[in-house]
Amino acid sequence: MAEANAYAALTKAFSGLGVDENLFISTLGKWNRHQRQSYRASTPGFFKEDERQFQRWNDQHILQLRQEFLRLKDAVLLYTMHPWERDARVFKEALLLKVPRHDVLIEAACTRSSEDLLGARKAYHSLFDHSIEEDIAFNIQTPERKLLVALVSSYRYEGPRVNDDLAKSEAKVFVNALKDGKKNLIEDEEIVRILSTRSKLHLKAIYSHYKEITGKFLDEDLDGDLTLKQVVQCLCVPQAYFSQILIASLKLDVDESAKDSVTRVIVTRADDDDMKLIKEEFKSKYGTTLTAKIEEVANGSYKDFLLTIIAKSD
Amino acid sequence: MATLIFPQEFSPINDAEAIRKACKGFGTDEKALIAILGHRNATQRKMIRKTYEEMYKEDLVKRLESELSGHFEKAVYRWMLDPEERDAVLLHVAIKEKPIPDYTSIIELSCIYSPQELLVVKRAYQARYKRSVEEDLAQHSIGELRKLLVSVVGIYRYDGDEIDARLAKSEADIICNAIKSKEFNHEEIVRIITTRSKTQLRATLNHYKDDHGSSLTKHLRDDGEKAANAFLGALRTTIRCIANDPQTYYEKVIRRALMKSGKDEDSVTRVIVSRAENDLEVIKELYYKRNSVSLDHAVSKNTSGDYKAFLLTLLGNQN
């Protein structure tokens, strides 16, 4: 009975985000050869009986564990780095993948302040001897390219002044485009213009005017174009966007990129009011706290590190 | 090297008084204004403006605007603003021009300035107009021209000296193919021209010239309707600004402006007022080399009155 509990605990230590280092030391390290054999035999999820009579560890799981042991290192480095260097590296990594991660590019381009986005572009020059703009334009050949380059090149006004009449008329641009069922909105010149040049306050005004006119939220109506949906969310309701990512990624059986998002979102939003707002949004939308979710799914030092980071904004 | 001549010591109070005297009563003593303002650097002019406001409770620039007129007024107005304010105003005027924005000024400013200098101008624009230059520019242009201009203004080019020779060759070929297929608004040409670093782009343009006989700007001409011409014109201007160093570019601008039978005073003003404290001396030398006639002489021949006197003063003439 005690064994079953101990085995379950060790299995948990090997599952989820990060690993439970202390458990390895306090429990596993004390097991003799026979006990470890017994563990392997009782854990068919990790170990399969090989035809040559030994319990073989699942290859995928070993590869996965390598990532889990490194998860704390990635979080710590990202957290310590200058935000500009951090974002430059985030951009680069997203571009280097065989299929570039548009969503990561959009997230970084749309949720940073004008000065921080500019700083990331400067840091990118230093680190990679190219501009982000040229690398995105060169590496991405799909229709999203124009929008992505435009978003990353923006240096938005951040003052309080908003021309409300203009916001209303630009909201109508969205209303009409969606009503007419236009195709390829992502290449629509006016939509790209508005989303990539207007100030965030102005865009938020457009978002509320859209709701007033149609009764619906703009991002919800953009279900047909996930890229635009994400852009609108990141620009107008970033807390909702980040909460969504977190709830979808804080699970036991998600892929590597989802797991990476946990580190990325929490570390890059750790400061200022962002994290506070995200936690509030998370709680009100999903009925559980971000802290509770992290406890459920993460292990060891990685878990403790994340919890410490998010506790700062209490 | 600058052409502006100014004293090391000066008294903003004396200057403010003298300017006040020159503006009082009927008529204005333009010569006195030129004698003072034409011999003060940016810091000094700023001090004079501040002192004048303290002493007489009005904005000197507004006073000058009301006292003067014509090309002279425009030149003095531009001269009196802080350099970044001046550029912000210039951009705003260029953007609002009808029927299409004055893309030449916009591209010039964006390409000739270093990224850091352009950033200062953008901030000044935001402070003055409560909007970003990109959003105004995008709102007041359309189609291919809009995309080109917003990219040229927005993109923060890498400013390193490295050249990737293989890339230069392959991108020269891409450009060549795009032109051969007669698609001048070809996205690839715009991508290359607006995103690559200046050094890389110059290498690409040289490759193009070597491989295809003449420079890219010569091949980017088309007899289409006006809109197509504007886009191509803007593309050519962008290439010229990047391919040439600033002084060579400005020499060309002022040479053309003085040649035109309708004379382009705005461009003459723009070049002289913005470069007098910079590299106008170098531009003068280039002008003489190219035209065998001094810039002072050309300006003298093609402008008149107080406007002429002001320009010559900024050019370093002592009379």
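Computed over heavy atoms, backbone and side chain alike; hydrogens, waters and symmetry mates excluded. We name chains A, B, ... by the order of the sequence lines, and we start the count at 1 in each one.
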| query | Given a strict heavy-atom distance threshold of 4.5 Å, which part of B/Gln200 is in contact with chain A: side chain, backbone, both, or neither? | reply |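 No part of it gets close to chain A.
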
Per-residue tally against chain B (heavy atom, under 4.5 Å) across A/His202, A/Lys146, A/Glu158 peaks at A/Lys146

ask   = Is the number of heavy atoms from other residues, nucleotides or ligands within 6.0 Å of NZ (A/Lys179) greater than 12?
value = no

Let's test your reading of the structure: which of B/Ser197, B/Pro115, B/Gly154 forms the most heavy-atom pairs below 4.5 Å with chain A?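 Of B/Ser197, B/Pro115, B/Gly154, B/Gly154 has the most heavy-atom pairs under 4.5 Å with chain A.
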
Highest number of heavy-atom pairs under 4.5 Å with chain A among B/Glu134, B/Arg131, B/Arg196 belongs to B/Arg196

(request) Enumerate by number any residue of residues 157-171 of chain B whose heavy atoms lie under 4.5 Å from heavy atoms of chain A; in the absence of such residues, state 'none'. (result)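 At a heavy-atom separation under 4.5 Å, chain A is reached by B/Arg157, B/Tyr158, B/Asp159, B/Glu162, B/Leu167, B/Glu171.
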
Under 4.5 Å from a heavy atom of chain B, the part of [X] involved:
{"X": "A/Leu166", "answer": "side chain"}
{"X": "A/Arg156", "answer": "backbone"}
{"X": "A/Phe138", "answer": "both"}
{"X": "A/Ile132", "answer": "neither"}

### Query
Passes side chain to side chain contact (heavy atoms under 4.5 Å, CB included), A/Ile140 versus A/Val149? Steps please.
CA-CA 10 Å; A/Ile140 295 183; A/Val149 175; over 6 Å; no

Stacked cation flag B/Arg270 on B/Tyr250, 6.0 angstrom / 45 deg
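Cation-pi check for B/Arg270 and B/Tyr250: fails.
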
Can you find a pair of side-chain heavy atoms, one from [X] and one from [Y], that are under 4.5 Å apart?
{"X": "B/Arg86", "Y": "B/Ser274", "value": "yes"}
{"X": "B/Tyr103", "Y": "B/Val152", "value": "no"}
{"X": "B/Tyr125", "Y": "B/Asp136", "value": "yes"}

Next on the checklist: Tell me if a side-chain donor or acceptor on A/Arg269 pairs with a main-chain N or O of A/Met275 at a distance below 3.5 Å.
Outcome noted: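 A pair under 3.5 Å: no.
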
Do the side chain of A/Glu280 and the main chain of A/Gln239 share a donor and acceptor less than 3.5 angstrom apart?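 No, because the side chain of A/Glu280 does not come within donor-acceptor range (under 3.5 Å) of the backbone of A/Gln239.
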
Query raised in the report: Quick one: do the A/Tyr241 and A/Gln230 side chains pair a donor with an acceptor below 3.5 Å?
Result: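 The answer is yes; a qualifying pair exists.
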
Modelled atom types, side-chain donor and acceptor of A/Ser113 and A/Glu115, under 3.5 Å =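 Note: A/Ser113 and A/Glu115 side chains miss the donor-acceptor criterion.
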
